[in-house]
Amino acid sequence: MKDTAAKLGLLPEEYDRIVETLGREPNFTEISIFSVMWSEHCSYKNSITWLKKLPKDGSRILAKAGEENAGLVDIGDGLACAFKIESHNHPSAIEPYQGAATGVGGIHRDIFTMGARPIAALNSLRFGDINLAKTKWLVRGVSKGIGDYGNSFGVPTIAGEVYFDESYNINPLVNAMSVGIVEKGKTISATSYGAGNPVFIVGSATGKDGIHGATFASGDLHEDSASSLPSVQVGDPFQEKLLLEATLEAMQSDAIIGMQDMGAAGITCSTSEMSAKGKAGMVIWLDKVPTRQPDMKPFEILLSESQERMLVVIKKGREAEVEKVFEKWDLHCTQIGEVIDGDILKYYMHGELVAEVPADILVLGGGAPIYQREVKEPEYFNEIKKYNIDNIPQPKDLVAVAKSLAAEVNIASKKWIYEQYDSMVQTNTATTNRPSDAGVIRLKGTNKGLAVKVDCNPYYVFANPRIGTAIAVSEAARNIVCSGGVPVAITNNLNFGNPYNPEVYYMFTEAIMGMGEACNKFDTPVTGGNVSFYNQSADGGPVMPTPTIGMLGVIDDMTTHTQLGFQNDGDEIYLIGKPENDISSSQYLLKYHNTKYSPTPFFNLDEEFKNQEAIKGIIKEKLILSAHDVSDGGLFICLLEAGMVNNFGFDISSDNTIRKDAFLFGECQSRIVVSVDKDRVGALENYLTSHGVSFSKLGKVSTQNISIDGENFGSIPEYKDIYENALGVMMEG
């Protein structure tokens, strides 16, 4: 059986540990159980040591990382918010439509299995070279999968980000985030206890899709990965909608002990995690599980990752109440077992015991193996150290540069993708006609809103993983603050290559340290998330390190929701934060000068925090009309995006103490462009001066023309056509 274990991804020492734990040789079904539960995807065996270093405590935290299916925070007015981000990278690489669709479905289930109703979705996507036919196929499949599932399920997709880089040619990244609302104190836990309490499976029937999906996600992609197509689940958003309504209705009674969605590893994962948390065992009768195919084997039923299913433990004697609810919604609700004393999981098929394992040893934080891998600073860091801005020539025609950046695929509008998503369903989205740096959702019945953002610039992390990840946290916070919110907490999706590669593991550990430093600064504890290793091909190397940050913010008074767009002709434009003579890791340097190796842009965490605090204050005092942070493409693209919202141009002057290309296109951090009515200029300057914040007056909002230092850079309609249509042209080309 040791050879079988190895084929299923278990290390020799892990097999020996299984034998020692069981006191005997495992059978095939038991090996299959351990292979998924001890896979990287489920056990986090190569990451848990480092994840424990992240800050998890906070005054608003109601459920810490690892305690429930998703993070839970207090947002006031008797409400709590559940939110989480997860990846579906490998499935999306070989079947982009279903891979992305089931990623969306799975993350929404994590939210409503806690009793929270999903109210918003976000996504963070990475694809390869846009000129490749395969990349276009992946973009079409992923965006349609996200759109079709989310639109049918009825949850608005309100924010996201998309990057293209050749490192993602084989292995795209598909990270999906869900945000839900529940009354404080009315959540359901993923637990099990009370001997004799019945165990039910509810929702869809179980099929052969997704078997060994967790194992599949814990290995490199290779030429034969397409043969793993059965590992990709098949989703049904309409069935999920029924499951959502049925579970939320069933939770209104007190008949339910605990509930867990069936994601990775299916029945195996849900039974073991609920049992381990409640310190109880279970007897499960696999032949009672409703199936889609006849004669399914025990391991197939146990490991199936068929979608739209939940495991529910019900108080004995209250079964009929819950069954009635699921019958109303025309969903399976079948008893498949019961809770027992002890820590043992016993799985039977037609009266035969087919597997018997302790619950605790299977789960994250229990007895699953834990490793720390070797670290080594990447060799290419030596190339970064050679970088000198003085070796980069300044173009004579900066207008041509500006137009080329507006068309750059990592800067230009992603409307070709996001117009496939319904952002208005539920009618709570505040940013459809009033765009801001973060997606904003109103909370009906209150004056509150939620500001949410996903963020990670992989080029910054590539240049310096610690600083780059701190920047990702900081920019997410900056976007929320610019929208009128206060950052509250984060979830993360850590996308890296093979952890056995010392350079990859170095990047991972440094990213964790940078994330922790920034989260401590902004008081945004980590509520959970997802680690996705093995994002690489067997011959193409790892993807860009991509530790995606999903951040939640609260807007206590929606009258302070601040737009990113300029509002009036003649309004004054100010830059908060100090420009630097810096073009490091900018899209300008990467794409226009084809320079891959350079440091991260200038960044100072203390300065970042001070500037964000100032933005909070001036928004609260209602001193400004708009706020938009400087990010990809630098100050020029920031101004352009602010102008295009309401078709306003701008007339500004540059800072002659630094290179003009650095002033316009550099991406040094901690900068925000604000517009202000001329009557409030004095109050704004006094506030910023009194708080010791660097600022400068750039110029004025104008009609549709763009003027910099008296030079005509073109018009807003001209740039808008370039910016909004670039991706569509590339996709059709």
Side-chain angles (χ1 to χ4, degrees), residues 156-162 402-403 405-408 411-419 421 423-424 429-442 449 451-453 475 478-485 555 558-576 615 618-619 622-652 671-677 698-708 713-728:
T157 301
I158 66 167
E161 59 168 3
V162 185
K403 291 179 179 178
L405 286 179
E408 179 55 51
I411 292 174
S413 170
K414 307 305 184 294
K415 64 181 293 186
W416 188 93
I417 294 175
Y418 69 69
E419 284 187 344
Y421 310 151
S423 64
M424 286 300 293
T429 307
T431 42
T432 302
N433 297 315
R434 291 169 51 87
S436 56
D437 277 7
V440 175
I441 287 284
R442 303 181 194 89
V452 287
K453 188 67 169 63
E475 185 171 356
R478 198 186 316 141
N479 280 294
I480 285 171
V481 167
C482 286
S483 303
I555 302 177
M558 278 295 289
T559 64
T560 64
H561 172 215
T562 305
Q563 301 178 60
L564 68 85
F566 295 144
Q567 298 299 302
N568 307 294
D569 185 9
D571 287 342
E572 305 282 359
I573 304 172
Y574 278 76
L575 176 66
I576 296 175
I615 293 294
I618 62 178
I619 287 176
K622 299 185 177 178
L623 298 179
I624 58 174
L625 298 171
S626 70
H628 186 28
D629 83 312
V630 179
S631 58
D632 298 345
L635 178 62
F636 179 83
I637 295 298
C638 175
L639 291 163
L640 184 65
E641 290 172 342
M644 288 189 294
V645 173
N646 295 311
N647 293 312
F648 285 115
F650 48 89
D651 184 348
I652 67 164
R671 294 180 296 157
I672 300 101
V673 167
V674 301
S675 64
V676 55
D677 184 282
L698 292 176
K700 292 186 177 184
V701 178
S702 69
T703 54
Q704 296 184 347
N705 290 328
I706 298 172
S707 177
I708 300 174
F713 266 62
S715 68
I716 287 294
E718 179 184 4
Y719 280 95
K720 198 169 187 177
D721 181 61
I722 296 170
Y723 180 86
E724 292 191 347
N725 296 313
L727 179 58

Peer 1: Taking all atoms of both residues into account, what is the closest heavy-atom pair of Ala406 and Ala412, and its distance?
Peer 2: O-CB, 3.4 Å

Peer 1: Quick one about Asn725 and Lys415 (side-chain donor to acceptor, distance below 3.5 Å, no hydrogens or angles considered), yes or no?
Peer 2: no

Peer 1: Rounded to the nearest 0.5 Å, what separation is found between the CG atom of Leu564 and the CG atom of Asn646?
Peer 2: 9.0 Å

Peer 1: For the backbone of Gly570 and the side chain of Glu572, can you confirm whether one donor and one acceptor N or O come within less than 3.5 Å of each other?
Peer 2: no

Peer 1: Among all residues two or more places apart in sequence or in another chain, which pass the side chain to side chain contact (heavy atoms under 4.5 Å, CB included) test with Asn705?
Peer 2: Ser715

Peer 1: Please report the interatomic distance OG(Ser707) to NZ(Lys700), rounded to the nearest 0.5 Å.
Peer 2: 13.0 Å

Peer 1: Would Asp569 and Phe648 count as a side-chain contact (heavy atoms from CB on, under 4.5 Å) here? Give the steps.
Peer 2: CA-CA 7 Å; Asp569 185 9; Phe648 285 115; 4.0 Å; yes

Peer 1: Supply the atom-to-atom distance Ile555 CD1 to Ile441 CD1, rounded to the nearest 0.5 angstrom.
Peer 2: 10.5 Å

Peer 1: Taking the side chain as everything from C-beta on, heavy atoms only, tell me whether Val701 gets closer than 4.5 Å to Phe566.
Peer 2: yes

Peer 1: Look only at the side chain of Asp721 and the backbone of Glu718, and say whether a donor-acceptor pair between them is shorter than 3.5 Å.
Peer 2: no

Peer 1: Please report the C-alpha distance between Leu635 and Leu698 in whole Å, then the side-chain angles of each, then the deciding distance to 0.1 Å, and finally whether the side-chain contact (heavy atoms from CB on, under 4.5 Å) criterion is met.
Peer 2: CA-CA 11 Å; Leu635 178 62; Leu698 292 176; 4.1 Å; yes

Peer 1: What residues form a side chain to side chain contact (heavy atoms under 4.5 Å, CB included) with Glu408, not counting sequence neighbours?
Peer 2: Ile411, Gln587, Lys591

Peer 1: My understanding is that only one of Leu640, Ile652, Leu639 makes a side chain to side chain contact (heavy atoms under 4.5 Å, CB included) with Ile706; could you say which?
Peer 2: Leu640

Peer 1: State, without any angle test, whether Ser675 and Ser626 hold a side-chain donor-acceptor pair at a distance under 3.5 Å.
Peer 2: yes

Peer 1: If we only count heavy atoms from C-beta on, is the Ile615 to Val674 side-chain gap below 4.5 Å?
Peer 2: yes

Peer 1: Any donor-acceptor pair under 3.5 Å linking the side chain of Asp651 with the backbone of Gly699?
Peer 2: no

Peer 1: Would you indicate whether the side-chain heavy atoms of Ile573 and Val673 approach each other to under 4.5 Å?
Peer 2: yes

Peer 1: Where do Ala407 and Ile722 come nearest, in terms of heavy atoms and distance?
Peer 2: CB-CG2, 3.5 Å

Peer 1: Taking salt bridge (charged side-chain N to carboxylate O under 4.0 Å, His left out) as the test, write out the residues that go with Lys622, two or more places apart.
Peer 2: none

Peer 1: What's the verdict on side chain to side chain donor-acceptor pair (under 3.5 Å) for Ser436 and His561, showing C-alpha distance, side-chain angles and the deciding distance?
Peer 2: CA-CA 8 Å; Ser436 56; His561 172 215; 3.1 Å; yes

Peer 1: What orientation do Phe713 and Phe636 show, parallel under 30°, tilted 30 to 60°, or perpendicular over 60°?
Peer 2: tilted

Peer 1: According to salt bridge (charged side-chain N to carboxylate O under 4.0 Å, His left out), who are the partners of Asp437, at least two apart in sequence or on a separate chain?
Peer 2: none

Peer 1: What are the two closest non-hydrogen atoms of Tyr719 and Ala402, and how far apart are they?
Peer 2: OH-CB, 3.6 Å

Peer 1: Check Gln704 against Pro717 and note the closest heavy-atom contact, atom names and distance.
Peer 2: OE1-CG, 3.2 Å

Peer 1: Leu625 and Val676: which non-hydrogen atoms are nearest, and at how many Å?
Peer 2: CD1-C, 4.3 Å

Peer 1: By salt bridge (charged side-chain N to carboxylate O under 4.0 Å, His left out), which residues pair with Lys414, not counting sequence neighbours?
Peer 2: none

Peer 1: Would you mind checking if Lys453 and Glu475 are paired as a salt bridge, meaning a charged N to carboxylate O distance below 4.0 Å?
Peer 2: no

Peer 1: Once rounded to the nearest 0.5 Å, what's the spacing between atom OH of Tyr574 and atom CD1 of Ile618?
Peer 2: 11.5 Å

Peer 1: Can you list every pair that meets salt bridge (charged side-chain N to carboxylate O under 4.0 Å, His left out) and has a residue in residues 627-646, with sequence neighbours left out?
Peer 2: Arg478-Asp629

Peer 1: Find the distance between SG (Cys482) and CD (Gln563) and round it off to the nearest 0.5 Å.
Peer 2: 13.5 Å

Peer 1: CG/Asp571 to CD1/Ile624 distance, rounded to the nearest 0.5 angstrom?
Peer 2: 11.5 Å

Peer 1: Which atom pair, heavy atoms only, marks the closest approach of Ile158 to Val440?
Peer 2: CD1-N, 4.1 Å

